[in-house]
Structures are given as C-alpha cells and as structure tokens.
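All values below come from the heavy atoms of this structure, side chains included, with hydrogens, waters and symmetry mates left out. Computed from a prediction, not measured in an experiment: that's the story for all the values here.
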Amino acid sequence: MKIAWVHKLLGKYSKKFYGILAGILTAAVAGSGVGYHVIAASGTADQTEEDTQIDETDEDGSFSGTGTTQVKTESQLPDFSVNAVTMTVEEVYVEAGSTVAEGDALFKIDDESMADAKAYYEDAISDAKTALQSAQINFESGVLEAESELSSTKLAADTAQDTYDAAVSELSVKTSEAQEAYDEAVEEISDYQDAIDNGTYYTQVGINEKQSAVDAAQAALTEKQTQLSDAQSSSQAAKETYAADMANLKTQIEAGASYTDLAALADQLAADYTAVQEAADALSQSQTEAESANSALQLANQTFQKAVEEYNTKVTEANEKIAELTDELEKLSDACDEAERNETTAQPALLQQYEEAVLEGKYADTEYEASLETLQSAVDEAQDTLDELKEQQSALLAIEDGVVCADRDGTLASVTYEAGDTLIKNTAFASYYDLDTILISVEVSQNDIAKLAVGDTVQVQISGSRMGAIDGTVYSIASEKTSGGSMSNVTYAVIVAVDNTDGTLTTGVQATVKFETQATGATEMEETKTAGKTETIGASETEEAGGKTE
C-alpha cells in the first residue's frame, strides 16, 4: 500500500514530533481546504529549513531554488456554522495517521451542543424568512418609488429648459421690481418736496380764495356798519325833530294858538312821527344787515383758519413722508443690489440644475434599472441567506446523534479536536493525505517573483532520483514576503506541485526547482501575487487554528 512507507518513516520519531509534523498543515487547511504536509524529514526541523535556499539567477534569465518534497493534504471542512453556538466535542474516535473509509466516525459533538445548534438554525431560518418577506415588500414598494422617480426625473428633464427660463425670468423680474420700488420712492420724495416748494398744498386748500372771501366779508361789514351808523344818526335826528315839534305843539296849545296854527303843527308832528317810524325801520334793517355781514365775516375767518390748518397738516404729512421714504431708500437700495447679485450669481447654479436635470433624464432609465437591480439584489441576498441557512441546517441534521464522519476514504494527516474542545470557526474537522501530489516550497527573490504566474511549468530535479528533471507546476505564490529585512534580500514563498499518481516520489527529500521564464513587469507581478495567494504555514498559525494531532 502507498502509505506503508509513511508509517514506517513516522515511526522513527517520537509521538510528540509526529504530532508536530502532522500539525504544520492545519493553518493552510483552515484557510483554503487544501495544503501540504511533511510526513518525513531527514534530520531536524532546523536542518530542513536550512535546505530551503534562495533562488539564483542564471545568465539566460532563468533562476532556481531548492526546497524539500512534502505531501499535499486536503481538508474536511464543516458545512454549517460551528460558532453560532458553543459546540463541544464529547469524544474523539480516531487520531492522525488513522486510515478511514467514507462514513467512519471521527468524533462526537455533545447532545446539548447539537440541540442548541438546531434551535439556532430554527430561529435563524425564521428570521431569514421574515427578512426575505421584508425584502420582497421593499422590492414591491421600491419598484413603485423607482417608477415615480423615473417619471419625475424625465418630466424634470423635459421641462428643464422652461424651468430654467422661468427661474431666470423670475430673477430678472425681481431685479426690475426692486429697482422700480426704489425709483418710485425717489419720485415720491421729489413729488412731496415739489408740492411743498411750489405751494401745491396752498392752492389745494384754497388759501387765496378763502383770504379774499375774508377781505370781502370785512369790506361788506365795514359798509354795513357805516350804513348802520348813518341809520342811527337819521333815527336820532327824526326823534329829536319829533320831540321838538311835540314840545312846540304843547307850547302853542298852552299859549292859545289858533286852530289853524295848531292844525299845521299837528300835521307837522304827524309827518315827524312818520319820519321817526321810517328811520326806525331803516335802523332795524341796517342792524340786521350789519349782523349778517359780521356773521359772514366770522364764517369766512373760520373757513380761512380751517384752510390754514389743513395746509399745515398737509405740509407736515409731506415732510413726514419724505423722512420715511428717505429712511426706506437705503433698504430699497440694498434690495436692488441683492436682487442684482442674485440674478448674477444664481444663474450659474440654475444652469447647473438645468444641466443636471437633462443629464439625469438621459440616464434615468439606467438609474431605474440600477434601482431595480439593487432591490432585486436585496431579495436575492435574503433568499441566498435563507437557502444557505437551510443547507447548513440540512448538513447539521445529517449528523446523526452528533457524530461527525469521514467524507472520503484516506489516511488522516491530522484530527483537529480532542474531547472537551470547542469547535472553531474556519477550522477543518480533519485533514487527509493526498499522496497523488508532491509539493515543494521554494523562496524566490523579490527581483524574480514578478516573472512567475500560477500555472507556469517548471523543471524539478529531486535529489537521489534517477528520473532526471521532471515537470512541475507553480501551485501558488505568496502575497506577503516571508523573509528579508531589506530590498536586497526580500523573498516570497512559491509552492510547486509535482504529479505523484504513480507513487514513485517520496517526501522529505531535497529538490531543486528551475524557473525558465521572462520578467513580466511590476503590474503583472501584482496580478500574479493576487491570483496565487497562499497562506504561510507554521507552528504559530497551527496553534491559533486550534489544530491538535497526536
């Protein structure tokens, strides 16, 4: 059997060193599911490490490096989450080096851990279903919103020119209105001042006409007063004549004047009486006319004073309005300046809005499709999460009675856990030897690493082999340097794979790898490194991964 010599070589070492050799691979197993494993070595670990030499470049551009042949391993990784709940190993049935068949028991997870894990998946699947329903609802509402946004964006694009023109026009109108308000205020101040200076208010209230009316009333009163004085004199004279004639009549009567004389005096006295009555009537008429003229004068004076008061009020109001408008002018001037600034500064922003609206309209369909894609992605992600949880739940439920079984036939390179251990995320249950492939790790200098790419064919010369140089393939290229502290000695680990399906190659043997290629440049170096990324293998990472071997 192929692995007979493996056990024979491992038997040369202690159980502890056996475990160390078997555990070296665990970190690579945890990270990628495929790695390599040292199953035998001629000398100590330090000696083996010294056998890995940095490459040397030949004149033709080829270069070579040395390393030790090692066996490739493959990992059995869990198909469900082992860190959702604490899962404890109750019992381990195998150890590193054991030969197993597919379905053989590896170890058992305790019942409480299995129950907790099953409960976790029931809850997680329930939450995932709710999340999926929510994503589907969001999709439906999001589609409506996206359609509305599409319509709105296209409408904005279609009306962008009109919107821009209207906004620019509005700015211009505001500037015109502000200037018009300022000009109106200036004109109004001028009108008020002109009205004061030109006597407009004097004319409006009719001061001259009312003054003339007063003068006319005064003249009429003076005339009536003269007429009254004349009437008073005439009345007094008539009364005196009447009194004198009355006294004369009495005297003549007493003197025994003749009838003829007395009759003549009586006629005279009657005439005097009539004159007195007429003078009294004239005096009464004159008094009435004088009183009317006086009343007319008083009314004219009142009308004149009212006109004066009205004039003074108008002038005061005009001065107050002038002062108010003068104060307002500064604000109106600022408003004009602001409107002009807005018209100047806002137009670029309006133009940008116009251009953005047109551009958004141009790509509205693309944005719409992107929105739908995003919404659908959320649904797909929720569905994928649910499907993945269901698959993981199925994988968990497939573990009958908590017993983890081998997923293939083969020899165990390592068994990760011991009884009482807790399952660790991204850590393999176990790893298996793959004797069909031999791996050789070679350190390549920074100067040459850019010349390599994963998949390149190389020439391998295995020490002690009579086969001569055989073909190998660049299996992986490390993305991080593994040695060197300066630019002159920085190296990267390159792993070369050699086919060993015929089982003729052994491990722990020094091999020289020759790389025949041309430099491809720094850019291809970065792409090559990314494409061929691998994990650094060492005892410290094995411990972090929780790998244990016997």
Side-chain angles (χ1 to χ4, degrees), residues 29-34 75-87 109 113-160 163 349 352-399 404 407 422-429 454 479 526-527 529-535 545:
V29 171
S32 65
V34 178
S75 300
Q76 178 178 342
L77 295 166
D79 293 326
F80 57 90
S81 175
V82 300
N83 66 324
V85 297
T86 301
M87 303 190 73
I109 303 170
S113 297
M114 289 297 293
D116 290 344
K118 291 175 182 178
Y120 161 75
Y121 276 107
E122 288 178 0
D123 292 340
I125 289 174
S126 177
D127 292 342
K129 288 180 178 178
T130 301
L132 176 59
Q133 291 175 352
S134 178
Q136 290 169 337
I137 292 172
N138 290 339
F139 176 84
E140 293 174 359
S141 61
V143 168
L144 295 177
E145 184 176 347
E147 290 175 349
S148 176
E149 182 67 22
L150 175 64
S151 176
S152 176
T153 301
K154 287 191 171 182
L155 178 61
D158 293 340
T159 59
T163 301
Q352 182 179 356
Q353 291 175 2
Y354 161 77
E355 293 173 345
E356 287 177 353
V358 172
L359 187 62
E360 288 174 359
K362 181 178 179 181
Y363 294 103
D365 290 327
T366 302
E367 290 294 327
Y368 172 74
E369 295 298 334
S371 297
L372 295 191
E373 184 176 346
T374 299
L375 292 168
Q376 185 61 54
S377 294
V379 175
D380 294 343
E381 287 176 8
Q383 184 66 60
D384 291 343
T385 299
L386 178 59
D387 293 343
E388 183 178 354
L389 286 170
K390 287 182 176 180
E391 289 176 3
Q392 292 181 10
Q393 183 188 46
S394 297
L396 178 70
L397 296 176
I399 301 177
V404 177
D407 64 354
T422 299
L423 300 189
I424 302 172
K425 181 181 180 181
N426 295 329
T427 301
F429 287 151
V454 172
S479 61
E526 294 300 326
E527 295 175 353
K529 287 182 182 180
T530 301
K533 183 181 291 186
T534 187
E535 300 289 339

Name each donor-acceptor pair under 3.5 Å that joins a side chain in residues 127-134 to protein atoms two or more places apart or in another chain, with its distance.
unit_1: Thr130; atom_1: OG1; unit_2: Ser126; atom_2: O; d: 3.1

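- The ring pair (Phe, Tyr, Trp, His ring centres under 6.0 Å) contacts involving residues 113-144 comprise nothing, where partners must be two or more places apart or lie in separate chains.
- Met114 CE to Met87 CE: the interatomic distance, rounded to the nearest 0.5 Å, is 5.5 Å.
- For Glu356, the side chain to side chain donor-acceptor pair (under 3.5 Å) test picks out Gln352, with sequence neighbours left out.
- When every heavy atom of Asn138 is checked against every heavy atom of Ser141, the shortest pair comes out as O-OG, 3.2 Å.
- Rounded to the nearest 0.5 Å, atoms CD (Glu149) and CD (Glu147) are 12.0 Å apart.
- By the side chain to side chain donor-acceptor pair (under 3.5 Å) test, Glu140 is found to be paired with no residue, residues two or more places apart in sequence or in another chain being considered.
- Residues passing the side chain to side chain contact (heavy atoms under 4.5 Å, CB included) test with Thr163 are Thr159, sequence neighbours excluded.
- Sorted by first and then second residue, the side chain to side chain donor-acceptor pair (under 3.5 Å) pairs with a member in residues 376-391 read Gln376-Asp380, Gln383-Asp387, Glu388-Gln392; sequence neighbours excluded.
- The side chain to side chain contact (heavy atoms under 4.5 Å, CB included) test applied to Lys425 returns Asn83, not counting sequence neighbours.
- Every residue two or more places apart in sequence or in another chain was checked for a side chain to side chain contact (heavy atoms under 4.5 Å, CB included) with Asp123, and none qualifies.
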Would Val82 and Ile424 satisfy side-chain contact (heavy atoms from CB on, under 4.5 Å), going step by step from the backbone distance to the final call? CA-CA 6 Å; Val82 300; Ile424 302 172; 5.7 Å; no
Which donor-acceptor pairs under 3.5 Å do the side chains of residues 358-375 make with protein atoms, sequence neighbours left out?
unit_1: Asp365; atom_1: OD1; unit_2: Lys154; atom_2: NZ; d: 3.1
unit_1: Ser371; atom_1: OG; unit_2: Glu367; atom_2: O; d: 2.9
unit_1: Thr374; atom_1: OG1; unit_2: Ala370; atom_2: O; d: 2.9

